[in-house]
Number of protein chains: 2
Amino acid sequence: MEDYDPLALENQLCFPLYAASKELTRQYKPLLGPLGLTYTQYVAMMALWEHDGITVGELGAKLYLDSATLTPLLKRLENHGYVQRERSKEDERAVIVTLTDEGRDLRKRAVDVPFCMAGCLKLAPEEALELKRLLTKVLQSFA
Amino acid sequence: MEDYDPLALENQLCFPLYAASKELTRQYKPLLGPLGLTYTQYVAMMALWEHDGITVGELGAKLYLDSATLTPLLKRLENHGYVQRERSKEDERAVIVTLTDEGRDLRKRAVDVPFCMAGCLKLAPEEALELKRLLTKVLQSFA
DNA sequence: CGCTATACAATCGCGCACGATTATATCATG
DNA sequence: CATGATATAATCGTGCGCGATTGTATAGCG
């Protein structure tokens, strides 16, 4: 290992992580486009399908996003008719995000998306699990 | 596994990939800021330190980026004095990207960056290798 | 040689992503 | 209860990221 180059692209761990993430969201496009969603809007909807009626801050904590990203994104989802945004009565600082009927119905049209992605991801099931475990570990090391 | 939810955020492989990539570039910021680089500019410089004098298209192939992203990015690097852009004499369609002296010198100030990142990434060496292998495999499945 | 097809970079438009700031509401504390 | 501290979302500015389009240069082909 005498001539190991720490700055060679080939020797990076972070670069394939960065590149794979970009390529992945590109793969989602043909699946999400018909639903009128970008990838980030899709993960926001996933969070809301699980936890309807949470605040912008709570949503951001789940998605690792702040209000600078979420506020305009949620306005776009609102314009699409998928969510509703309203100030909390109990705490006027917080904004509650609620699914509309259309937003809830969208879930049915999205259930095939994870299955399609699993198909184009050429990993053995145990490799996919190990990858997820390692990525979660990386993510947690930045807590 | 009767009530397995394919749309739960917790069950996604792609979401931690997306989130980890974002958090990672955030970790790079304090290291790259003093060098006057963003993360994408940094990987572009890594590619150029290895292959000086390549075209925008060749650079894009290495980084999985197209000219819409690279042209403005390279102009910023040019304004910083790190690279030079000039039309190829042999093929006037192509633009050659060349490092300046300052761009080459920057490499010395960047050699510690991968080491610092390895430190904040709390993975065992064999886990890091396995993660890199799996990410590369994902990336190649989109060839 | 002329003419179409292809290649290449640049440009445009839109949507993240985020550090920093701002405005408002709530909390804490004396 | 008043006032400073904290919390929350919105806003602003900059830089990706990319699909689509444009303009120019080269290649291919009759």
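Quick note: numbers below take in every heavy atom, side chains included, and nothing from hydrogens, waters or symmetry partners. Note on naming: letters A, B, ... go to the chains in the order of the sequence lines (proteins, then strands), and numbering restarts at 1 for each one.
- Taken from OH in A/Tyr39 to NZ in A/Lys29, the straight-line distance is 13.0 Å, to the nearest 0.5 Å.
- Within residues 56-70 of chain A, the residues having any heavy atom under 4.0 Å from DNA chain D are, by residue number, A/Val56, A/Gly57, A/Ser67, A/Ala68.
- Listed by chain and number, the residues in a side chain to side chain contact (heavy atoms under 4.5 Å, CB included) with A/Pro6 are A/Tyr4, B/Pro114 (sequence neighbours excluded).
- In this structure, OH on A/Tyr64 lies 3.5 Å from CG on A/Leu139, to the nearest 0.5 angstrom.
- In 5' to 3' order, the nucleotides of DNA chain D bounding all contacts with chain B (an atom under 4.0 Å from a heavy atom) are D/dG15 to D/dT26.
- Between A/Glu127 and B/Arg133, at least one side-chain N (NZ, or NE/NH1/NH2) sits under 4.0 Å from a carboxylate O, which counts as a salt bridge.
- In the region residues 32-55 of chain B, proximity to DNA chain D at under 4.0 angstrom, judged on heavy atoms, holds for B/Thr38, B/Thr40, B/Gln41.
- A salt bridge links B/Glu23 with B/Arg26: the distance from a Lys NZ or Arg NE/NH1/NH2 to an Asp or Glu carboxylate oxygen falls below 4.0 Å.
- The ring pair (Phe, Tyr, Trp, His ring centres under 6.0 Å) pairs that include a residue from residues 111-143 of chain B number zero, where partners must be two or more places apart or lie in different chains.
- Annotation: side chain to side chain contact (heavy atoms under 4.5 Å, CB included) contacts of B/Glu92 (sequence neighbours excluded): B/Arg87.
- Atom-to-atom distance recorded for B/Leu17:CG and A/Lys22:NZ is 12.0 Å, nearest 0.5 angstrom.
- Listed by residue number, B/Glu90, B/Asp91, B/Glu92, B/Arg93 are the residues of residues 84-99 of chain B with a heavy-atom contact under 4.0 Å to DNA chain D.
- A side-chain donor from one of A/Ser88 and A/Glu90 sits under 3.5 Å from a side-chain acceptor of the other.
- Residues of residues 10-31 of chain B that place a heavy atom closer than 4.0 Å to DNA chain D do not occur.
- Evaluation of the salt bridge (charged side-chain N to carboxylate O under 4.0 Å, His left out) test over residues 42-57 of chain B, restricted to residues two or more places apart or in two chains, returns B/Asp52-B/Arg104.
- A ring pair (Phe, Tyr, Trp, His ring centres under 6.0 Å) check over residues 66-109 of chain B, counting only residues at least two apart or in different chains, returns the pairs B/His80-B/Tyr82.
- Between atom NZ of residue B/Lys137 and atom CG of residue B/Leu135 there is a gap of 12.5 Å, rounded to the nearest 0.5 Å.
- Residue B/Thr40 holds its OG1 atom at 8.5 Å from CG of B/Leu63, rounded to the nearest 0.5 Å.
- Legend: residues meeting side chain to side chain contact (heavy atoms under 4.5 Å, CB included) with A/Gln140, ordered by chain and number and at least two apart, are A/Thr136.
- Qualifying side chain to side chain contact (heavy atoms under 4.5 Å, CB included) partners for B/Leu35, counting only residues two or more places apart in sequence or in other chains: B/Leu32, B/Leu37, B/Leu106, B/Arg109, B/Ala110, B/Val113.
- Remark: P of C/dC14 and CG of A/Leu73 are 16 Å apart, rounded to the nearest angstrom.
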